[in-house]
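Reviewing the structure listed below.
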There are 2 protein chains.
Amino acid sequence: MSDICDVFCINKEAVEVVRAKMLEHNLVADTAEIFKVLGDPTRMRLLYALSQRELCVCDLSAVLGMTQSAISHQLRVLRSARLVRYRKTGKIVYYTLADAHVTQFIDVGVDHARESQPR
Amino acid sequence: MSDICDVFCINKEAVEVVRAKMLEHNLVADTAEIFKVLGDPTRMRLLYALSQRELCVCDLSAVLGMTQSAISHQLRVLRSARLVRYRKTGKIVYYTLADAHVTQFIDVGVDHARESQPR
DNA sequence: TGATTATATGAATAGATATTCATATATGAG
DNA sequence: CTCATATATGAATATCTATTCATATAATCA
C-alpha cells in the first residue's frame with residue numbers, strides 16, 4: 001500500500017494526470033481559509049445579520065446575545081478575511097458585508113444546508 | 001455598554017427587526033458546519049482532485065502525498081457531510097463528489113481566493 | 001487456509017481556536 | 001480636564017481537530 005506512495009498506487013497514470021492539474025498550495029490554502037472563516041456559527045450569524053443591514057458592534061452584540069468582546073474578536077477575524085467593511089462615526093463603528101460575493105457565499109451555504117436531510 | 005445587552009444598544013428598533021429575521025440556530029449550525037468541512041486544506045485538495053475524476057483511496061494518497069490513514073480520516077469527514085460518495089469494487093473504494101453543488105462550492109471559493117489581493 | 005493488500009478506525013497527541021476577563025484606546029459630554 | 005461610553009485587544013483557558021501509530025476489517029490470491 002502507499003506510504004507517500006508513487007509506488008503502490010492503483011492507477012499511476014490517473015494519479016499523475018490529476019496531480020499535474022492540482023491547484024497551487026497557496027491557492028488551496030487561501031480557499032480553505034475563506035471557508036474556515038465562514039465555518040463558525042457565530043461568524044455566520046454575524047454575516048447573516050449584516051446581510052440585512054449595516055449594524056454597529058453594540059447592536060450586533062444585542063442581536064446575537066453575546067458579549068461585546070466576543071463579537072469584536074470575531075469581527076476582527078471577518079475583517080482580516082476581508083469579508084466585512086466598517087466605517088467609524090464618532091465612537092460608533094458600523095459594519096457591512098464587504099461585497100456581493102459574501103452574500104453569495106451565505107446563500108449557497110444556507111441553500112445547501114436546507115436541502116440536506118435533517119439530521 | 002452591552003453585556004448581553006437589550007438595554008444599552010444603539011438602535012433598539014434595528015436590533016429587533018434584524019433579530020426577528022435571523023436564521024434558526026439549527027440552520028446556522030448546519031450552514032457553518034458545511035463551511036467548516038470545506039475549510040481545511042487537505043479536504044479542499046481531496047475535493048479538487050475528485051472534481052477531476054473518480055479516484056480510489058490509495059490514489060488520493062498518492063496525489064496529495066499523504067498517508068492512507070490521514071486520507072481515510074478526512075474522507076470520513078467528507079462522507080458524513082455528504083460531500084462525497086463512494087462505490088466499492090473488491091477491495092478498492094472509489095470516491096466521487098456527491099453532486100454539482102460541491103463543484104459550485106469549490107468554484108466560488110477558488111474564484112474568491114484568486115480575486116483577493118495576494119497576501 | 002494463510003498471506004497480502006486496500007481501507008477503516010480507535011487512541012493519543014500536538015496544535016489551533018472561541019470565549020472570557022481584564023484592560024487599553026479613543027471619542028464625546030459636561 | 002474628567003467621566004462615561006464604544007470598541008479593540010492581550011492573556012488565559014477549555015474545547016476542538018488533524019495527523020500519526022497501531023490495529024482491525026474485508027477482499028483477493030496462492
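Numbered from 1 within each chain, the chains take letters A, B, ... in sequence-line order.
One can place CD of B:Q68 at 13 Å from P of D:dC21, the figure rounded to the nearest angstrom. Atom NZ in A:K88 sits roughly 8 Å away from atom P in D:dA8 (whole-Å rounding). B:L55 has its CG atom 15 Å from the C1' atom of C:dA6, to the nearest Å. Atom P of nucleotide D:dT28 and atom CD1 of A:I10 are separated by 13 Å, given to the nearest angstrom. Rounded to an integer number of Å, the gap from B:L38 CG to D:dT17 P is 14 Å.
Note on A:K36: a side-chain N or O is less than 4.0 Å away from OP1 or OP2 of C:dT17. Here B:Y95 does not reach the OP1 or OP2 of C:dA6: none of its side-chain N or O atoms lies under 4.0 Å away. Look at B:Y86 and you won't find any side-chain N or O under 4.0 angstrom from OP1 or OP2 of C:dA6.
With B:D30 contributing its side chain and A:A113 its backbone, the two residues share no donor-acceptor pair below 3.5 Å. Side-chain N or O atoms of A:D59 include one that pairs as donor or acceptor with a backbone N or O of B:I10 at under 3.5 Å. Judged purely by atom type and a 3.5 angstrom limit, A:R19 uses its side chain to pair as donor or acceptor with the backbone of B:A62. Without hydrogens or angle criteria, B:T89 side chain to B:I92 main chain gives no donor-acceptor distance under 3.5 Å. A donor-acceptor distance shorter than 3.5 angstrom exists from the side chain of B:S51 to the backbone of B:Y48, with no hydrogens or angles considered.
Among the nucleotides C:dA8, D:dT7, D:dT20, the one closest to the side chain of B:S69 is D:dT20. Closest to the B:D40 side chain, of the nucleotides D:dA18, C:dT7, D:dA8, is D:dA18. Listed nucleotides: D:dT7, D:dA27, C:dG28. Nearest to the side chain of A:K91: C:dG28. The B:T67 side chain lies nearest to D:dT20 when the options are D:dA18, D:dT20, D:dT7.
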Taking only distance into account, with no hydrogens and no angle test, what donor-acceptor pairs under 3.5 Å do side-chain atoms of residues 93-104 of chain A form with protein atoms, sequence neighbours excluded?
| residue | atom | partner | partner atom | Å |
| --- | --- | --- | --- | --- |
| A:Y95 | OH | A:R79 | NE | 3.2 |
| A:D99 | OD1 | A:H101 | N | 2.8 |
| A:D99 | OD1 | A:V102 | N | 3.4 |

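Toward the 5′ end of DNA chain C lies the nearest nucleotide of A:R43, the other residue of the pair A:R43 and A:G90 mapping further downstream.
DNA chain C lies under 4.0 Å from at least one heavy atom of each of the following residues of residues 71-81 of chain B: B:S72, B:H73, B:R76, B:R79.
Expressed to the nearest 0.5 Å, how far CD of A:Q68 lies from SG of A:C58 amounts to 8.0 Å.
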